[in-house]
Asker: 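So that we are looking at the same thing, I have put the structure below in structure tokens.
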Amino acid sequence: MKKIIKMSLMMALMTIVTMSFTACGNDDDDSTNKPAPQITIHEANIEGDILCVQADVTAPGRTAAIQLVITGKDGTAKVTYPVTDNKYIGVLNIDGFHVHVDIAGKNVEEGDVLKMSVTDAEGQSVTAKKDITAEEDDDEDEEE
């Protein structure tokens with residue numbers, strides 16, 4: 001009887017020790033410690049009836065949503081464009097984000113503002129702004 005009690009106590013002790021090691025295994029992997037996304041907009045140029053947008057996004061928590069909003073000088077929204085392309089949604093980082101937004105008939109002009117918002121999988125969101133410019137003429141660069 002003493003052997004059974006002794007073995008039961010040893011098994012209980014081993015179980016408690018084993019559980020204490022496994023219970024602490026994921027404490028350091030807290031997703032809330034990841035930094036918010038960062039956006040660098042390189043280009044927001046009007047090219048005919050489209051707005052060409054080029055940017056880089058660093059999103060350590062994977063991108064969950066990207067939205068582009070073009071606002072006039074007075075702050076009113078002219079165009080809202082949600083990005084749904086799988087090469088940009090659900091990824092960690094976007095090197096070379098490049099989309100064309102249809103602006104035909106929307107009265108978008110040079111001097112309006114592009115706002116690019118990125119939300120990651122943890123719900124952290126950031127917005128970057130860039131003034132919209134006219135299309136750059138490649139011939140001018142070659143002449144200089």
Side-chain angles (χ1 to χ4, degrees), residues 5-144:
I5 293 174
K6 196 173 189 179
M7 285 181 64
S8 294
L9 289 173
M10 293 277 278
M11 291 293 275
L13 181 62
M14 285 181 62
T15 302
I16 290 171
V17 170
T18 303
M19 288 176 67
S20 67
F21 283 121
T22 58
C24 297
N26 290 332
D27 288 349
D28 296 332
D29 189 27
D30 190 5
S31 62
T32 59
N33 291 335
K34 292 181 182 170
Q38 295 178 348
I39 305 168
T40 304
I41 302 174
H42 300 291
E43 182 179 308
N45 295 338
I46 297 173
E47 297 178 2
D49 286 341
I50 64 165
L51 179 71
C52 180
V53 179
Q54 293 183 9
D56 291 323
V57 178
T58 303
R62 295 192 185 270
T63 56
I66 300 173
Q67 182 152 347
L68 304 175
V69 177
I70 300 168
T71 59
K73 294 173 186 104
D74 62 355
T76 58
K78 293 183 176 184
V79 178
T80 300
Y81 182 81
V83 177
T84 58
D85 193 329
N86 286 341
K87 67 182 176 182
Y88 302 130
I89 303 299
V91 297
L92 291 176
N93 297 308
I94 304 168
D95 186 26
F97 175 87
H98 186 174
V99 296
H100 291 152
V101 180
D102 182 14
I103 58 172
K106 304 291 185 180
N107 297 322
V108 175
E109 56 191 19
E110 189 174 350
D112 287 348
V113 177
L114 170 72
K115 295 179 184 177
M116 180 175 178
S117 299
V118 176
T119 305
D120 68 11
E122 280 77 36
Q124 299 181 96
S125 185
V126 66
T127 300
K129 298 177 185 178
K130 184 160 182 74
D131 289 342
I132 295 172
T133 59
E135 178 178 13
E136 294 178 10
D137 189 2
D138 292 335
D139 295 338
E140 289 178 9
D141 293 337
E142 292 173 10
E143 292 176 12
E144 294 176 9

Asker: Are side-chain heavy atoms of Glu109 and Lys73 found at a separation under 4.5 Å?
Answerer: yes
Asker: Should Lys78 and Asp112 count as an ion pair when the cut-off is N to O under 4.0 Å?
Answerer: yes
Asker: Please check: side-chain N/O of Asp120 versus main-chain N/O of Thr63, any donor-acceptor pairing under 3.5 Å?
Answerer: no
Asker: If you measure from OG1 on Thr133 to CD1 on Ile46, what distance do you get to the nearest 0.5 Å?
Answerer: 7.5 Å
Asker: Closer than 3.5 angstrom, by distance alone: can the side chain of Gln124 be matched with the main-chain N or O of Lys34 as a donor-acceptor pair?
Answerer: yes
Asker: Considering non-hydrogen atoms only, spot the tightest contact between Gly90 and Arg62 and give its length.
Answerer: O-NH1, 3.1 Å
Asker: State, to 0.1 Å, how close Thr71 and Ala77 come at their nearest heavy-atom pair, and which atoms those are.
Answerer: CG2-CA, 4.0 Å
Asker: Mind listing the closest non-hydrogen atom pair of Gly61 and Glu122 along with its distance?
Answerer: CA-OE1, 3.2 Å
Asker: Could you report the tightest heavy-atom contact between Met116 and Ala55, atom names first, then the distance?
Answerer: SD-CB, 3.9 Å
Asker: Can you tell if the side chain of Phe97 reaches within under 4.5 Å of the side chain of Lys87, non-hydrogen atoms only?
Answerer: no
Asker: Using a 3.5 Å distance criterion without hydrogens, assess whether the side chain of Asn93 forms a donor-acceptor pair with backbone atoms of Ala59.
Answerer: yes
Asker: With the side chain counted from C-beta on, respond yes when Ile94 and Val118 share a heavy-atom pair under 4.5 Å apart, and no when they do not.
Answerer: no
Asker: Around atom CG of Asp85, are there more than 12 heavy atoms of other residues, nucleotides or ligands at under 6.0 Å?
Answerer: yes
Asker: Please report the interatomic distance CD1(Ile41) to CG(Leu68), rounded to the nearest 0.5 Å.
Answerer: 8.0 Å
Asker: Just verifying a value: how many Å separate Asn45 CG and Ile132 CD1, rounded to the nearest 0.5 Å?
Answerer: 9.5 Å
Asker: How about Tyr81 and Leu51: do any of their side-chain heavy atoms sit closer than 4.5 Å?
Answerer: no
Asker: Might you point out which heavy atoms bring Ser125 and Thr119 nearest each other, and give the distance in Å?
Answerer: OG-OG1, 3.3 Å
Asker: Could you check whether any side-chain heavy atom of Ile89 comes within less than 4.5 Å of a side-chain heavy atom of Thr84, counting everything from C-beta outward?
Answerer: no
Asker: Atom NE2 in His42, atom CG in Asp56: separation rounded to 0.5 Å?
Answerer: 3.5 Å
Asker: Supply the atom-to-atom distance Ile39 CD1 to Lys129 NZ, rounded to the nearest 0.5 angstrom.
Answerer: 12.0 Å
Asker: Measure across Ile66 and Tyr88 and return the closest heavy-atom pair with its distance rounded to 0.1 Å.
Answerer: CD1-O, 3.7 Å
Asker: State, yes or no, whether a side-chain contact exists between Gln38 and Val126 at a heavy-atom distance under 4.5 Å.
Answerer: no
